[in-house]
Chemist: 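Structure incoming, see below.
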There are 2 protein chains.
Amino acid sequence: MSVFCALSNEQVEEIDNSKGCNFYNKGQVVFHEGNRTNGIYCINKGKVKLFQIGSEGKEQIIRFAKAGDVVGYRALLSEEPLSASATAIEDDTTICFIPRDQIFSMIAQNPNFNFKFLKMLSHELGEAAKIITDLAQKPVRERLAETLLILKDTFELDEEKNIQVKLSREELANIVGTATESVIRLLSEFKKDKLIAVEGRNIKLLNIPGLTRVANVFE
Amino acid sequence: MSVFCALSNEQVEEIDNSKGCNFYNKGQVVFHEGNRTNGIYCINKGKVKLFQIGSEGKEQIIRFAKAGDVVGYRALLSEEPLSASATAIEDDTTICFIPRDQIFSMIAQNPNFNFKFLKMLSHELGEAAKIITDLAQKPVRERLAETLLILKDTFELDEEKNIQVKLSREELANIVGTATESVIRLLSEFKKDKLIAVEGRNIKLLNIPGLTRVANVFE
DNA sequence: GATAAAATATGACATTAATCAGCTAATTTT
DNA sequence: AAAATTAGCTGATTAATGTCATATTTTATC
């Protein structure tokens, strides 16, 4: 549920008047880690990945955002530089920029909007803690299975159980925190075990309970 | 800087009247992962560790809190169960509980207090993202060096450069995400390289630039 | 202060996963 | 359409780190 559903009609209109929309093709940069931001970005259409560059120059994907999601709010609210870069992972991704003052005045005026932000941030923080525990404790195989399940929850499956996002093997590796080759090998294992079907970048989840077992998730 | 410095004198007094303070000895549980919380916990004195239990029953330390810090706010604000457990890591740790209604009404009444929370949450989220990237990409040796530097920033050094917190090798391993034996071996390596001195649970940082180099941190 | 228990230390070994190399398939560019 | 680039795949090898066994030291308990 978007933070903006907390706004009144007038407030939505106010935002509509001040916001600027931009189009991005796959691979185009929305914002860059380390820069300052002066507002937040709302995904209207398409998908983006948020990632940091580690000390060896390797990309680490922190999270994804899709239509209805907001990115860049962390840096705005903490008044720190952007902690991650964002790039579109689909063509025709449409993103609106809402300037800082708009956001701050609405937080001040509208308690609901404010609580939505508090809730969103604290929820994200809980998700981050789970990821930390998994990265620290689970082997690669389990983390990959879990990543597939998280992608399912984030982007949903179509009628044929395909995860509704297309990622390269390398990008999957950059979520899981492993080498591209390991992802390739493990995906074929999952395929052999009839847990998934793979066609290029299309991944079909054939056996979700099975994947959940591999991921060793119990919630 | 504590969130409470945003409060007026009357508000501080109001909290003082409603809050309940408790004492905890080393090892005692402040709250338990999975439970609901109905307020937040302010550390008055002492130190606590926040941790999750991973799927194999292993503890993963997510963060620490010391006098002036607040814990339990994530679960309160997200209206989710507590994502971590908290236990005291020092004797005579004193913690006050501030009930939910107090907090929510102050957030609503006092924009400064509100922004402090937004800032604290979004800052934490940025720290979590860094930890994720490090866990995913850095080898154990670098992560241990970095952990020592983070402990230094959190708890500071005394006049003799000792980190002002006492942790077991196992606890260090549960921050780094490694085996206790690996921590033991790496600490002796660091000792041999004159980066640190170790006396029981006392760790002296002899060469911070050296440790920074090992941790491969560039900020 | 003796005994038990827990924490720390060390070595040998097993396992996981990264790296490297080479090869094939798929895209993109010209 | 050919050439070039990128992505995906596979096998062999190496390096990192976890596990297990055992010894030693420290701390807690009686």
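To find a chain, count down the sequence lines: A is the first, B the second, and so on, and within it residues start at 1. Every value quoted in this text rests on a predicted model; they were computed, and no experiment measured them.
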Chemist: Is a side-chain donor or acceptor of B:Gln28 paired with a backbone partner of B:Asn25 at a separation under 3.5 angstrom?
Modeler: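 Yes: the side chain of B:Gln28 pairs with the backbone of B:Asn25.
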Chemist: Just how far, in rounded Å, is C1' of D:dC9 from CD of A:Glu170?
Modeler: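 Distance, rounded to whole Å: 15 Å.
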Chemist: Between B:Glu170 and B:Thr180, is any side-chain donor less than 3.5 angstrom from a side-chain acceptor?
Modeler: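 Side chains of B:Glu170 and B:Thr180: no pair found under 3.5 Å.
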Chemist: Go through DNA chain C in 5' to 3' direction and return only the first and the last nucleotide with some atom under 4.0 Å of chain B's heavy atoms.
Modeler: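 Using the under 4.0 Å cut-off, the span is C:dA7 to C:dA12.
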Chemist: Under 3.5 Å between N/O atoms: give me all the protein pairs with nucleotides 28-30 of chain D, atom names plus distance.
Modeler:
none

Chemist: Check this for me: does any side-chain nitrogen of one of A:Glu80 and A:Arg74 sit under 4.0 Å from a carboxylate oxygen of the other?
Modeler: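 Salt bridge between A:Glu80 and A:Arg74, a charged N being under 4.0 Å from a carboxylate O: yes.
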Chemist: Students often mix this up, so state it plainly: with edges at 30° and 60°, are the rings of B:Phe64 and B:Phe155 parallel, tilted or perpendicular?
Modeler: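 Because their plane-to-plane angle is over 60°, the rings of B:Phe64 and B:Phe155 count as perpendicular.
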Chemist: In whole angstrom, what separates B:Ile184's CD1 from D:dC20's P?
Modeler: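 Result: 16 Å.
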Chemist: When you measure only distances, ignoring hydrogens and angles, does the side chain of B:Glu181 come within 3.5 Å of the base of D:dC20 through a donor and an acceptor?
Modeler: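 Counting by modelled atom types and ignoring angles, a donor-acceptor contact under 3.5 Å is found here.
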Chemist: Without decimals, in angstroms, what is the distance between A:Arg169 CZ and D:dT6 P?
Modeler: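 So the CZ-P distance, A:Arg169 to D:dT6, works out to 18 Å.
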Chemist: Please report, rounded to the nearest Å, how far the C1' atom of D:dC9 is from the CD atom of A:Glu189.
Modeler: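 These atoms are roughly 14 Å apart.
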Chemist: Are B:Cys42 and B:Cys96 close enough that their SG atoms are less than 2.5 Å apart?
Modeler: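 No; the two sulfurs sit 2.5 Å or more apart.
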Chemist: Does B:Glu146 pair with B:Lys130 as a salt bridge, N-O distance under 4.0 Å?
Modeler: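 No, no charged N to carboxylate O under 4.0 Å.
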Chemist: Measure the acute angle between the ring planes of B:Phe31 and B:Tyr41, then classify it against the limits of 30° and 60° as parallel, tilted or perpendicular.
Modeler: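 The arrangement is tilted - the two ring planes meet at 30° to 60°.
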Chemist: Could you list, one pair per line, each protein nitrogen or oxygen that sits under 3.5 Å from a nitrogen or oxygen of nucleotides 15-18 of chain D, together with the distance?
Modeler:
unit_1 : atom_1 : unit_2   : atom_2 : d
D:dT17 : OP1    : B:Val140 : N      : 2.9
D:dG18 : OP1    : B:Thr178 : OG1    : 3.2
D:dG18 : OP2    : B:Thr178 : OG1    : 2.5
D:dG18 : OP2    : B:Ala179 : N      : 3.3
D:dG18 : OP2    : B:Ser182 : OG     : 2.8

Chemist: Test side chain to side chain donor-acceptor pair (under 3.5 Å) on B:Lys166 and B:Asn202 and set out the steps.
Modeler: CA-CA 6 Å; B:Lys166 302 278 162 283; B:Asn202 212 53; 2.6 Å; yes
Chemist: Between B:Asn202 (CG) and D:dT26 (C1'), how many Å, whole number?
Modeler: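 So the CG-C1' distance, B:Asn202 to D:dT26, works out to 15 Å.
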Chemist: Whether the A:Thr178 and A:Arg143 side chains hold a donor-acceptor pair (N or O, under 3.5 Å, no angle test) is what I'd like checked.
Modeler: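 No, no side-chain donor-acceptor contact under 3.5 Å.
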Chemist: When you measure from the side chain of B:Gln102 to the backbone of B:Pro99, do you find a donor-acceptor pair of N or O atoms at a distance under 3.5 Å?
Modeler: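 Between the backbone of B:Pro99 and the side chain of B:Gln102 there is no qualifying donor-acceptor contact (under 3.5 Å).
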Chemist: Are there over 12 heavy-atom neighbours, none belonging to A:Lys58, within less than 6.0 Å of that residue's NZ?
Modeler: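 It does: A:Lys58 NZ has more than 12 such atoms within range.
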